[in-house]
Amino acid sequence: MEKNIFIHDHPLIQHKISLLRDKNTSTNAFRHLVEEIAMLMGFEALRDLPLCDVEVETPIETCMTPMLAGKKLVIVPILRAGLGMVNGLTALVPSARIGHIGLYRDEETHEPHEYYCKLPHPIEDRTIVVLDPMLATGGSAVAAVDFIKQRGGRSIKFMSIIAAPEGVRRLTEAHPDVQLYIGHLDRCLNEAAYICPGLGDAGDRIFGTK
Ligand code: PRP
Ligand code: URA
């Protein structure tokens, strides 16, 4: 595996992803699982956040102790399904700023169409974590990273709960500098560009639409 691709093999993440795949999992349980998985993945994906020592007075004495340093983290969910992962990340970093990118896939061409983009400004010197539970053809991921780079973003991580090899290839070829965190790498895409075995349409399952 390339150095910028990290596949989570933690048993808790794998267990929860199996529950997500089950077509009988309720909307409410699905939503909670997406949030929990995002938090567990985020714990690992954020292990290189910069620290600096600050002075703190404990009940015993004064000491120098590490706290998060630098500009506030930016979280960018890809609408809609990425929204389901946001609370998992803000539970870890409550001070994070949140941008939004709205994209939907054309049902026939499977190419992404933009309908919204609002990002914190300035964004240049911040770590940016893009969230989307599904990396299928990779079209949405590449378009989202393109928008962020056009607006000056440089340090970008992309978190997806389930990815297809086709999407991983497309994203890493277009943006080799992006650090990609994947909960599980699935087998392939079907003729409708859905991930197999996957979990179906993530947005519909999170929001209870069809
Ligand atoms: C899904 C998913 C990703 C995209 C992945 O969103 O949440 O954004 O498809 O597919 P790709 O890798 O082939 O681009 P969708 O376009 O269905 O929109 P929704 O979240 O609003 O349902
Ligand atoms: N988007 C989804 O929500 N699921 C897939 O399997 C592919 C794209």
Sequence-distant partners of S26, side-chain contact (heavy atoms from CB on, under 4.5 Å), two or more places apart: N28, A29
N/O donor-acceptor pair under 3.5 Å between R126 side chain and K72 backbone: yes
T62 vs V56 side-chain heavy atoms within contact, under 4.5 Å: no
Minimal non-hydrogen separation, P120 against G99, with atom names: CD-CA, 3.8 Å
D106 vs H113 side-chain heavy atoms within contact, under 4.5 Å: yes
Residue pair S160, D132: steps toward the side-chain hydrogen bond (donor to acceptor under 3.5 Å, both in side chains) verdict: CA-CA 5 Å; S160 80; D132 195 328; over 6 Å; no
More than 12 heavy atoms of other groups within 6.0 Å of Q150 CD: yes
Rounded distance (nearest 0.5 Å) linking atom NZ of K3 with atom CD of Q179: 8.5 Å
Spatial distance of atom CD1 (I78) from atom CE (M134) [nearest 0.5 Å]: 12.5 Å
Heavy-atom neighbours of F43 CZ exceed 12 at 6.0 Å: no
Note, L131 side chain near I75 side chain (heavy atom, < 4.5 Å): yes
Heavy-atom pair with the smallest gap, counting every atom of P176 and N4: O-ND2, 2.9 Å
Minimal non-hydrogen separation, G203 against A81, with atom names: N-CB, 3.8 Å
Derivation of the side-chain contact (heavy atoms from CB on, under 4.5 Å) call for I161 and H184: CA-CA 6 Å; I161 295 177; H184 196 273; over 6 Å; no
Minimal non-hydrogen separation, M159 against G42, with atom names: CE-N, 3.8 Å
Non-hydrogen side-chain atoms of V93 and S95 separated by less than 4.5 Å: yes
Salt bridge (charged side-chain N to carboxylate O under 4.0 Å, His left out) assessment of R169 paired with E166: CA-CA 5 Å; R169 206 172 307 121; E166 294 89 334; 5.7 Å; no
Side-chain heavy atoms of H175 within contact of K149, under 4.5 Å: yes
Non-hydrogen side-chain atoms of L79 and Y104 separated by less than 4.5 Å: no
Rounded distance (nearest 0.5 Å) linking atom NZ of K16 with atom NE2 of H10: 10.5 Å
D146/R151 ion pair, N-O < 4.0 Å: no
Nearest atoms (heavy-atom pairs only) where G88 meets A38: CA-CB, 4.4 Å
H100 NE2: over 12 foreign heavy atoms closer than 6.0 Å: yes
E111 bridged to R170 by N-O distance under 4.0 Å: yes
Within 6.0 Å of NE2 in H15, more than 12 heavy atoms from elsewhere: no
L73 and L49: CA distance, side-chain angles, deciding distance, side-chain contact (heavy atoms from CB on, under 4.5 Å) verdict: CA-CA 9 Å; L73 184 77; L49 285 184; 4.1 Å; yes
Between SG on residue C117 and CD1 on residue I148, distance to nearest 0.5 Å: 7.5 Å
Candidate pair L89 and L46, rule side-chain contact (heavy atoms from CB on, under 4.5 Å), full reasoning: CA-CA 10 Å; L89 269 288; L46 299 178; 4.0 Å; yes
Residue pair I98 / P77: nearest heavy atoms and the distance that separates them: CG2-CD, 3.9 Å
Derivation of the salt bridge (charged side-chain N to carboxylate O under 4.0 Å, His left out) call for D125 and R154: CA-CA 7 Å; D125 299 323; R154 290 186 293 223; 2.5 Å; yes
V76 vs V129 side-chain heavy atoms within contact, under 4.5 Å: no
Interatomic spacing from CG in L12 to CD1 in I37 - rounded to 0.5 Å: 10.5 Å
Those residues that, when tested against D48, pass salt bridge (Lys or Arg N to Asp or Glu O under 4.0 Å) (two or more places apart): K157
Those residues that, when tested against R21, pass salt bridge (Lys or Arg N to Asp or Glu O under 4.0 Å) (two or more places apart): D186
Approximate separation, where rounding is to 0.5 Å, of L19 CG and E36 CD: 9.5 Å
Near-ring test H8/F6, centroid separation under 6.0 angstrom: yes
Check: I206 main-chain N/O paired with R31 side-chain donor or acceptor under 3.5 Å: yes
M64, CE: over 12 other non-hydrogen atoms inside 6.0 angstrom: yes
Side-chain heavy atoms of I5 within contact of Y181, under 4.5 Å: no
Audit row: V168, L185, side-chain contact (heavy atoms from CB on, under 4.5 Å) steps and yes/no: CA-CA 9 Å; V168 173; L185 185 62; 3.8 Å; yes
Test item: side-chain donor near acceptor, R80 and T209, under 3.5 Å: yes
